[in-house]
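The sequence lines fix the lettering, A, B, ..., with proteins before strands; numbering per chain opens at 1.
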Number of protein chains: 2
Amino acid sequence: MVLPRAARTQRRTRIQEEKEEQILEAALEVFATHGFRGSTIDQIADVAGMSKPNLLYYFRTKETMHRALIDRVLDTWLDPLREFDAEGNPASEIRSYIRRKLEMARDFPRESRLFANEVLQGAPHIEDELTGPLKALVDEKAEVIRSWARAGKIAKCDPYHLIFAIWSTTQHYADFDVQVKAVLGEAHSGEGRFEDAARFLEQLFIGGLAVAQEPSAT
Amino acid sequence: MVLPRAARTQRRTRIQEEKEEQILEAALEVFATHGFRGSTIDQIADVAGMSKPNLLYYFRTKETMHRALIDRVLDTWLDPLREFDAEGNPASEIRSYIRRKLEMARDFPRESRLFANEVLQGAPHIEDELTGPLKALVDEKAEVIRSWARAGKIAKCDPYHLIFAIWSTTQHYADFDVQVKAVLGEAHSGEGRFEDAARFLEQLFIGGLAVAQEPSAT
DNA sequence: TGATAATTTGACCGGTTGGTAAACATTACA
DNA sequence: TGTAATGTTTACCAACCGGTCAAATTATCA
């Protein structure tokens with residue numbers, strides 16, 4: 001009997017496990033560099049090292065494949081923000097959030113570009129994720145930041161724009177990698193790049209959020 | 001005689017002027033939202049309000065059209081950085097650079113997305129512009145920033161990463177507009193959004209670059 | 001081992017894509 | 001006004017795209 005391909009009615013096969021993994025890996029590679037519309041199934045199949053009909057046996061449509069990829073990657077992608085701890089020391093929480101985001105930009109640039117492509121092109125496939133889980137998480141953390149500001153632990157500032165600033169500056173190194181490389185040239189573009197970026201961003205955010213020196217003595 | 005279409009051997013006609021304008025406007029709209037590969041000539045022709053063969057009479061290929069668009073837009077896009085003045089007051093130069101970039105993100109989001117799409121997908125069509133004119137301009141301005149730091153007018157910092165940070169934070173509001181809107185919700189997403197962003201970024205960069213308080217008195 | 005289910009493949013299909021050819025329409029200008 | 005150059009359209013093409021189908025192959029396990 002020809003069951004609906006890769007049907008979840010039965011337990012998943014070892015082969016299913018492996019092939020779906022291969023496909024999603026290839027899909028990440030391709031979708032991240034060409035966006036959804038710019039990517040072709042043939043291309044993904046090629047990278048995955050299998051024939052197009054074979055790939056379509058596991059994911060019936062391009063959309064299905066894209067969705068599966070998004071679902072798998074989104075959680076990981078939000079982890080750094082989730083770790084943001086209300087109980088911690090504000091300065092060091094912000095510092096390590098920047099670190100984590102920068103590490104993700106360095107170690108998982110494809111994931112970053114996957115989302116960047118999506119959002120840039122109007123987020124036609126992930127709108128629900130943005131207004132749902134993402135917004136909820138950001139709202140929660142924004143409240144934490146606001147409370148720190150109220151307690152005088154960091155400067156008063158708009159928490160949402162702070163989060164946007166951390167996102168944009170860190171993800172820049174993944175999304176705009178070729179530009180960064182082109183501008184820095186061979187000189188600064190080696191290993192030290194991320195270290196330099198980390199140092200600068202730390203200086204920027206910690207300095208920018210330091211509570212203004214009050215005239216009163218310490 | 002059927003000259004090579006829109007040949008530049010003769011002076012350009014009024015009609016050529018108008019139609020090419022129409023086409024580039026439409027091309028900007030389409031390329032900015034779907035990237036090069038994701039855009040179709042039919043779509044652009046449709047937005048431009050003309051038939052596909054008619055469009056192809058003015059630009060023989062999709063590549064030609066894209067290149068013409070890039071050439072036209074790049075100069076404008078770099079203007080804010082060009083205005084960056086070595087003779088001015090550092091803090092207010094940085095402040096107004098941020099302003100200008102933010103205004104461009106607000107007023108010309110399509111131009112921003114056009115480049116974002118290109119760079120994100122590996123800059124296959126604009127590599128020369130990045131390593132050429134862009135790098136040259138950035139190198140020049142980086143030197144200015146470095147000299148300010150040496151003179152003790154702003155904190156010592158990596159000028160390249162500073163420029164990247166200004167680019168990314170400001171362009172974020174154009175490129176990731178849907179995400180910003182999704183997260184901010186209806187509440188903060190009206191007119192005031194850019195004002196809030198400007199205020200925050202000013203605070204961040206001016207604070208972050210303030211020369212550290214030396215133990216010596218003022 | 002054999003039967004049954006799971007997987008893979010090649011051939012194919014209708015629609016879209018970038019682009020062309022040639023006829024037709026319009027403009028500019030002597 | 002006539003005619004040559006410019007501009008526009010219809011019909012078309014080959015390649016590509018997302019996806020199907022049925023046949024062939026391979027894995028599973030009683």
Side-chain angles (χ1 to χ4, degrees), chain A residues 1-27 29-31 33-69 121 124-125, chain B residues 1-27 29-31 33-69 121 124-125:
Chain A
M1 175 172 68
V2 175
L3 264 188
R5 354 186 161 207
R8 303 296 133 67
T9 48
Q10 308 266 113
R11 191 157 54 255
R12 297 172 73 214
T13 327
R14 171 183 55 84
I15 295 183
Q16 273 172 39
E17 210 94 42
E18 288 173 11
K19 290 294 164 98
E20 286 177 13
E21 175 61 34
Q22 269 182 52
I23 293 170
L24 289 180
E25 158 67 27
E29 185 71 31
V30 176
F31 281 136
T33 29
H34 301 292
F36 183 76
R37 283 182 53 164
S39 303
T40 72
I41 298 182
D42 287 277
Q43 211 177 345
I44 297 170
D46 200 52
V47 173
M50 63 181 76
S51 68
K52 179 167 64 169
N54 195 7
L55 184 152
L56 286 165
Y57 171 75
Y58 294 99
F59 296 95
R60 278 200 291 245
T61 66
K62 201 177 157 184
E63 267 88 4
T64 311
M65 196 164 39
H66 190 255
R67 171 122 300 274
L69 183 59
Q121 310 196 355
H125 306 94
Chain B
M1 176 175 65
V2 175
L3 266 188
R5 358 190 158 198
R8 302 294 131 68
T9 50
Q10 309 265 112
R11 191 155 56 253
R12 298 172 72 215
T13 333
R14 171 185 53 84
I15 295 183
Q16 271 171 41
E17 210 94 41
E18 289 173 9
K19 291 293 166 97
E20 286 177 13
E21 175 62 34
Q22 270 182 51
I23 293 169
L24 289 180
E25 157 67 26
E29 184 70 31
V30 176
F31 281 136
T33 28
H34 301 293
F36 183 77
R37 285 182 53 163
S39 302
T40 72
I41 300 183
D42 287 277
Q43 210 179 346
I44 297 171
D46 200 51
V47 173
M50 63 181 77
S51 68
K52 178 170 64 171
N54 194 8
L55 183 152
L56 286 166
Y57 172 74
Y58 293 99
F59 297 96
R60 276 199 294 239
T61 67
K62 200 177 157 185
E63 267 88 3
T64 312
M65 196 164 40
H66 189 253
R67 170 122 300 273
L69 182 60
Q121 309 195 354
H125 305 94

Can you find a side chain N or O atom of [X] that sits less than 4.0 Å from OP1 or OP2 on [N]?
{"X": "Q16(A)", "N": "dT7(C)", "result": "yes"}
{"X": "N54(A)", "N": "dT9(C)", "result": "yes"}
{"X": "S51(B)", "N": "dT8(D)", "result": "no"}
{"X": "Y57(A)", "N": "dT7(C)", "result": "yes"}
{"X": "Y58(A)", "N": "dT8(C)", "result": "yes"}

Legend entry - nucleotides 22-30 of chain C: protein proximity per nucleotide (B base, S sugar-phosphate only, - neither; heavy atom, under 4.0 Å): ------S--

Legend entry - Listed nucleotide nearest any side-chain atom of K52(B), set dA11(D), dT8(C), dG19(C):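 When the side chain of K52(B) is considered, dG19(C) is the closest of dA11(D), dT8(C), dG19(C).
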
Legend entry - Distance-only donor-acceptor test (3.5 Å): side chain K62(B), base dG19(C):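 Donor-acceptor pair under 3.5 Å: no.
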
Inset, instruction - Output the residues of residues 36-44 of chain A in contact with DNA chain D, where contact means a heavy atom of the residue under 4.0 Å from an atom of the strand; sort by number or write none. - result: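 Output list: S39(A), T40(A), I41(A).
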
Inset, instruction - Among H66(B), R67(B), E20(B), find the residue that satisfies the side chain to side chain contact (heavy atoms under 4.5 Å, CB included) test when tested with F59(B). - result: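 For F59(B), the side chain to side chain contact (heavy atoms under 4.5 Å, CB included) test succeeds with only one of H66(B), R67(B), E20(B), which is E20(B).
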
Inset, instruction - Rounded off to whole Å, could you give me the CD-to-P distance for the E63(B) and dG18(C) pair? - result: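 The distance from CD of E63(B) to P of dG18(C) comes to 10 Å, rounded to the nearest Å.
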
Legend entry - Nearest-Å distance for atom pair CD/C1', residues E20(A) and dT8(C):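 The distance from CD of E20(A) to C1' of dT8(C) comes to 15 Å, rounded to the nearest Å.
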
Legend entry - Rounded (10°) bend between the five-pair end axes of the helix from dT1(C)-dA30(D) to dA30(C)-dT1(D):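 The angle separating the two end axes equals 10°.
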
Inset, instruction - Looking at every strand, decide which applies to K19(B) at a 4.0 Å heavy-atom threshold: base, sugar-phosphate, or nothing. - result: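 Contact class for K19(B): sugar-phosphate only.
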
